[in-house]
2 protein chains.
Amino acid sequence: MKDRSALRLATLQEALASGGTLHLRDAAELCGVSEMTIRRDVNAHPQVISLLGGRLVMAHTPGVTPVYDLTEQQASHYQAKSRLCQRARRFIEEGDTLFIDCGSTLMPLMNQLSEFRELTVITYALNVANAVAVLPNVRLVMLGGLFYPTSQSFASDTMAESIERLGINKAFISAAGVDLQRGVSCFHFHEVVPKQAAMAAAMQRLLVVDASKFGVVRPAYFASVNEFDVVVTDDDDAPALLRDEHSGQPTITAP
Amino acid sequence: MKDRSALRLATLQEALASGGTLHLRDAAELCGVSEMTIRRDVNAHPQVISLLGGRLVMAHTPGVTPVYDLTEQQASHYQAKSRLCQRARRFIEEGDTLFIDCGSTLMPLMNQLSEFRELTVITYALNVANAVAVLPNVRLVMLGGLFYPTSQSFASDTMAESIERLGINKAFISAAGVDLQRGVSCFHFHEVVPKQAAMAAAMQRLLVVDASKFGVVRPAYFASVNEFDVVVTDDDDAPALLRDEHSGQPTITAP
DNA sequence: CACTAAATGTTATAATTTTAACATTACAAT
DNA sequence: ATTGTAATGTTAAAATTATAACATTTAGTG
């Protein structure tokens with residue numbers, strides 16, 4: 001017998017390629033077989049198509065949910081990040097033009113932007129862009145270039161001058177390491193130019209970092225701590241860690 | 001009473017940001033409320049999070065399924081689009097640098113790029129970028145600018161010159177209307193500049209359109225039919241529709 | 001052409017999810 | 001404090017989905 005199963009799988013994959021869901025009964029009708037057969041097909045290839053509440057969804061295809069369950073622990077980790085961003089949110093005002101850095105730290109902040117009437121977000125990160133693209137009240141400006149998967153962001157040789165031309169109210173910058181002596185650093189060198197350009201162009205510079213980043217140094221240095229106007233953090237000891245004789249010390253958010 | 005509902009939504013969104021699913025009971029425990037409350041929260045915001053077989057999934061997040069049901073008709077419609085792109089795929093060669101236009105027509109083509117060893121994709125569309133970003137074998141170049149939700153694409157005053165600087169092998173262009181006399185057109189004027197610039201910069205220009213587009217004229221004209229080297233279509237009558245006395249007639253893919 | 005084995009279909013049953021109605025709690029304003 | 005309103009919780013019933021066991025069909029083989 002020919003492998004009709006593979007043929008059906010291909011049909012269903014095609015149907016789902018653009019990223020929707022297909023009800024089991026429709027899939028069965030589409031393939032001209034019983035629901036049970038579709039069930040068996042799909043269960044035999046969980047890495048291709050998954051069955052979720054009677055509906056077929058792609059498991060892995062570009063732009064589609066890998067269907068696995070988050071543990072409660074994983075989920076609560078995001079809660080902590082979310083709290084950090086709730087502090088950062090207090091610095092945003094109606095009508096602001098915000099520069100949003102790449103990384104996962106600032107993602108929860110994007111979910112809070114729907115509370116404003118009108119904002120503009122400038123970013124060079126794909127994940128940030130996606131989060132903002134669905135908000136009808138936020139204008140999105142994307143800085144393009146070559147894509148770097150590790151940071152989900154773009155870089156180009158013209159990015160610095162593109163940023164110079166923009167009017168930025170507040171630059172929200174994230175980092176992988178913060179050290180009073182050795183400065184603020186990140187993992188990837190391609191992030192340095194956009195970060196520095198945004199800081200130069202912005203009226204206010206905010207560093208958003210969780211407690212785990214203090215005393216850490218990463219490969220790519222991009223600024224000293226006192227170049228920032230505000231440090232937003234969830235670390236109770238941050239004020240002590242960042243105490244400095246310099247006059248240009250940033251405000252540190254209380255825990 | 002404070003709006004705890006929005007807070008829970010943000011928490012759940014954050015938990016789901018990396019693209020998994022969260023069981024209703026875990027979501028309830030995570031937020032410290034009953035399952036019914038989560039149900040109500042989620043049902044009130046179907047465009048943010050959907051409930052699918054007792055599990056929460058993002059409706060829109062980066063690389064994640066928008067959860068709506070494909071009808072059988074829609075599903076087979078995608079099959080048609082997919083077939084169209086299978087024809088378009090035959091023009092791609094190993095190592096190519098491709099310009100990919102915005103719209104939904106060319107999305108199935110992105111799913112087929114993993115069959116190549118190495119490619120480069122240049123685009124100004126967010127949905128295309130998301131599809132390509134997950135392919136390890138494809139270099140992605142994004143053209144940024146202000147985001148236009150209707151076409152999920154970006155536009156800027158420097159895009160034309162950005163494209164001029166790029167070396168494009170093949171430009172895959174989509175359209176909303178194709179007419180021999182009135183030319184090739186799309187809905188939105190902001191798409192005109194990138195389309196024209198890409199066609200000018202490319203070594204080969206391919207128009208990819210399904211049968212429904214022939215004889216249709218849309219607001220924004222951007223090219224005449226014979227500016228294209230190839231017309232990829234699933235319309236059997238296309239050769240007749242596009243017959244022309246001009247010498248520069250494009251190749252038309254056989255049905 | 002009968003035989004075998006795999007694939008598919010059918011049915012009944014179990015488990016789960018959804019819905020609806022109503023009870024309870026929490027908050028705000030007086 | 002008291003009351004009204006909105007939010008949340010609880011429960012039971014309905015609808016849906018999943019599983020398992022067994023019947024039937026189909027394709028390949030001698």
Side-chain angles (χ1 to χ4, degrees), chain A residues 1-16 20-59 64-72 75-76 79 82 86 111-112 114-115, chain B residues 1-16 20-59 64-72 75:
Chain A
M1 184 188 281
K2 265 203 194 148
D3 194 355
R4 300 196 78 76
S5 168
L7 208 141
R8 285 192 301 267
L9 254 295
T11 302
L12 296 173
Q13 256 184 293
E14 276 186 46
L16 296 167
T21 71
L22 188 62
H23 196 103
L24 198 60
R25 90 178 121 265
D26 298 325
E29 203 177 336
L30 184 66
C31 296
V33 294
S34 74
E35 298 189 10
M36 196 63 219
T37 300
I38 300 289
R39 260 182 207 287
R40 285 193 267 241
D41 286 350
V42 165
N43 288 339
H45 303 272
Q47 69 278 66
V48 180
I49 294 178
S50 323
L51 200 45
L52 206 50
R55 267 162 271 228
L56 289 91
V57 298
M58 279 292 200
V64 176
T65 324
V67 179
Y68 56 86
D69 280 341
L70 299 166
T71 65
E72 195 193 337
S76 67
Q79 231 177 349
S82 200
Q86 271 162 30
N111 298 332
Q112 299 176 18
S114 46
E115 296 162 26
Chain B
M1 187 187 280
K2 264 199 199 155
D3 193 357
R4 301 196 76 77
S5 167
L7 209 141
R8 285 193 301 267
L9 252 298
T11 302
L12 296 173
Q13 253 185 294
E14 204 33 48
L16 295 168
T21 71
L22 190 61
H23 195 102
L24 198 59
R25 88 177 122 266
D26 298 325
E29 203 177 338
L30 181 68
C31 296
V33 294
S34 73
E35 297 189 12
M36 196 63 219
T37 301
I38 301 289
R39 258 181 208 286
R40 284 192 268 241
D41 287 349
V42 166
N43 289 339
H45 303 270
Q47 70 279 56
V48 179
I49 293 177
S50 323
L51 199 45
L52 205 50
R55 266 164 270 229
L56 290 94
V57 298
M58 277 292 200
V64 176
T65 323
V67 178
Y68 55 87
D69 277 343
L70 301 166
T71 63
E72 194 194 335

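Chain letters run A, B, ... following the sequence lines, proteins first and then strands; every chain starts at 1.
Side-chain N/O atoms of H23(A) include none lying less than 4.0 angstrom from OP1 or OP2 on dT16(D). Residue T37(B) has no polar side-chain atom (N or O) positioned under 4.0 Å from OP1 or OP2 of dT8(D). Applying the 4.0 Å criterion to OP1 and OP2 of dT19(D), one finds that R39(A) has every side-chain N and O outside that range. Put simply, R55(A) has no side-chain N or O that comes within less than 4.0 Å of OP1 or OP2 on dA18(D).
Distance from the side chain of R25(A) is smallest for dT17(D) among the nucleotides dG9(D), dT17(D), dT8(D).
Rounded to whole angstrom, the span from the CG atom of N43(B) across to the P atom of dT18(C) amounts to 9 Å. In this structure, M36(A) atom CE and dA12(C) atom P are separated by 16 Å, rounded to whole Å. Separating the CG atom of D41(A) from the P atom of dT8(C) is a distance of 6 Å, rounded to the nearest angstrom. When the C1' atom of dT16(D) is taken as reference, atom CG of L51(A) falls 13 Å away, rounded to whole Å. Put simply, CG on L52(A) is 12 Å from C1' on dT17(D), counting in whole angstrom units. Rounded to an integer number of Å, the gap from L24(A) CG to dG9(C) P is 12 Å.
The structure places CD1 of I49(B) at 5.0 Å from CG of L16(B), a figure rounded to the nearest 0.5 Å.
Between L51(B) and L56(B), the closest side-chain pair of non-hydrogen atoms falls below 4.5 Å.
A donor-acceptor contact under 3.5 angstrom links the side-chain atoms of R40(A) to the base of dG9(C).
Side-chain N or O atoms of N43(B) include one that pairs as donor or acceptor with a backbone N or O of R39(B) at under 3.5 Å.
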| task | Take I38(B) and L12(B) through the test side-chain contact (heavy atoms from CB on, under 4.5 Å) and record every step on the way to the result. | result | CA-CA 9 Å; I38(B) 301 289; L12(B) 296 173; 4.1 Å; yes
